[in-house]
Q: 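Next up is a structure, given as structure tokens.
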Amino acid sequence: MRIDILTILPELLEGPFSASIMKRAQEKGLAEIHIHNIRDYSTNKHKQVDDYQYGGGAGMVMTIEPIALLIDKLLSERKYDEIIYMTPDGVILDQKIANTFSLYENLIILCGHYKGVDERIREIYITKEISIGSYVLSGGELAAAVLTDSLVRLIPGVLNDETSALTDSFQDNLLSPPVYTRPPEYKGHKVPDVLMSGNFELIEKYREEQAYKRTQERRPDLLK
Ligand code: ADE
């Protein structure tokens with residue numbers, strides 16, 4: 001999978017992809033993440049990428065031209081499955097969306113800033129608008145990193161033990177059961193006996209019950 005991320009703050013995206021699973025996915029050649037600085041495509045002599053909004057009001061708007069030039073360049077090089085805009089008024093990201101997107105070959109993710117992008121960018125280019133939650137971030141970069149992470153870890157071969165993505169919370173609309181490691185007792189809190197029983201049938205049953213119980217208590221909406 002190739003992901004092209006379009007941003008005016010590329011430095012915000014250096015960290016998330018340079019460690020752990022995201023780094024390994026790129027080293028294994030399973031994910032290619034390209035960060036593009038929108039400012040490099042500004043033809044303005046001050047490299048400006050924003051302007052005042054028509055109709056007045058506080059906050060700048062990201063201008064069409066540099067974003068359009070960059071997207072047109074990418075579109076001339078390959079076909080993209082989706083051109084995604086990260087925005088608080090988009091569809092809320094969930095595991096189902098992550099599963100769907102993880103099957104794609106090429107994605108563009110546009111990060112917004114200030115008041116957002118000129119609406120015509122959305123009309124002309126954007127095929128999906130995604131929010132990572134009902135709160136406003138300073139820009140779309142952290143949201144793009146969250147989306148990218150949620151997709152890349154689902155690409156077959158990225159996780160060492162492929163079943164570990166299948167048993168993630170939400171994969172079957174259930175939260176994950178509690179997990180334990182050594183020591184068997186800490187400050188009077190014991191690991192449940194069944195997990196030490198060696199009886200895999202009982203362990204599986206316990207985990208299913210716990211996943212269901214946890215979902216009912218914390219996210220009953222997932223069971224509907
Ligand atoms: N940009 C600013 N806030 C955002 C959010 N909640 N989700 C996606 N992009 C955003």
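Atoms considered below: every heavy atom in the structure, side chains included; atoms not considered: hydrogens, waters and symmetry mates. Numbering of ligands and ligand atoms starts at 1, following listing order. Residues: numbered from 1 along the sequence shown.
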Q: Starting from atom 9 (N) of ligand 1, find the nearest protein heavy-atom neighbour and note its residue, name and distance.
A: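 Answer for atom 9 (N) of ligand 1: Thr87 N, 3.2 Å.
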Q: Does ligand 1 have any atom that is closer than 4.0 Å to a heavy atom of Gly139?
A: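 Gly139 counts as a contact of ligand 1 under the 4.0 Å cut-off.
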Q: Of all the atoms in ligand 1, which lie at a distance below 4.0 Å from a heavy atom belonging to Ile130?
A: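 What qualifies from ligand 1 is 8 (C).
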Q: Does a donor on one side chain sit under 3.5 Å from an acceptor on the other, for Glu129 and Thr87?
A: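 Their side chains do not contain a donor-acceptor pair, so the 3.5 Å distance test is not met.
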Q: What part of Ala143, side chain, backbone, both or neither, has a heavy atom within less than 4.0 angstrom of ligand 1?
A: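 It is the side chain that touches ligand 1; the backbone stays farther off.
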Q: Quickly, which of Asn37, Ile109, Ile71, Ile83 forms a side chain to side chain contact (heavy atoms under 4.5 Å, CB included) with Leu6? Name it, please.
A: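 Single pass found, and it is Ile71.
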Q: Can you report which non-hydrogen protein atom sits closest to atom 7 (N) of ligand 1, along with the distance?
A: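 Ranking protein heavy atoms by distance from atom 7 (N) of ligand 1, first comes Ile132 N, 3.0 Å.
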Q: Give a yes-or-no answer on whether the side chains of Asp50 and His113 include a donor-acceptor pair shorter than 3.5 Å.
A: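 No.
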Q: Give me the residue, atom name and distance of the protein heavy atom closest to atom 6 (N) of ligand 1.
A: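 Nearest protein contact, heavy atoms only, for atom 6 (N) of ligand 1 is Tyr135 O, 2.8 Å.
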Q: Between Pro88, Cys111, Gly133, flag the one that comes closest to atom 1 (N) of ligand 1 by a heavy atom.
A: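 Ranked by closest heavy atom to atom 1 (N) of ligand 1, first place is Pro88.
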Q: Identify, for atom 3 (N) of ligand 1, the protein heavy atom at the shortest distance, and state residue, atom and that distance.
A: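 Heavy-atom neighbour on the protein nearest atom 3 (N) of ligand 1: Leu137 N, 3.0 Å.
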Q: Assess the side chains of Tyr80 and Arg78: does a donor N or O sit below 3.5 Å from an acceptor N or O?
A: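 There is such a pair between these side chains.
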Q: Do Thr63 and Gln48 have side-chain N/O donor and acceptor atoms under 3.5 Å apart?
A: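 Result is no, nothing qualifies.
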Q: I'd like to know if the side chain of Tyr85 and the backbone of Val117 have a donor-acceptor N/O pair within less than 3.5 Å.
A: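 Yes, Tyr85 side chain to Val117 backbone: donor-acceptor pair under 3.5 Å.
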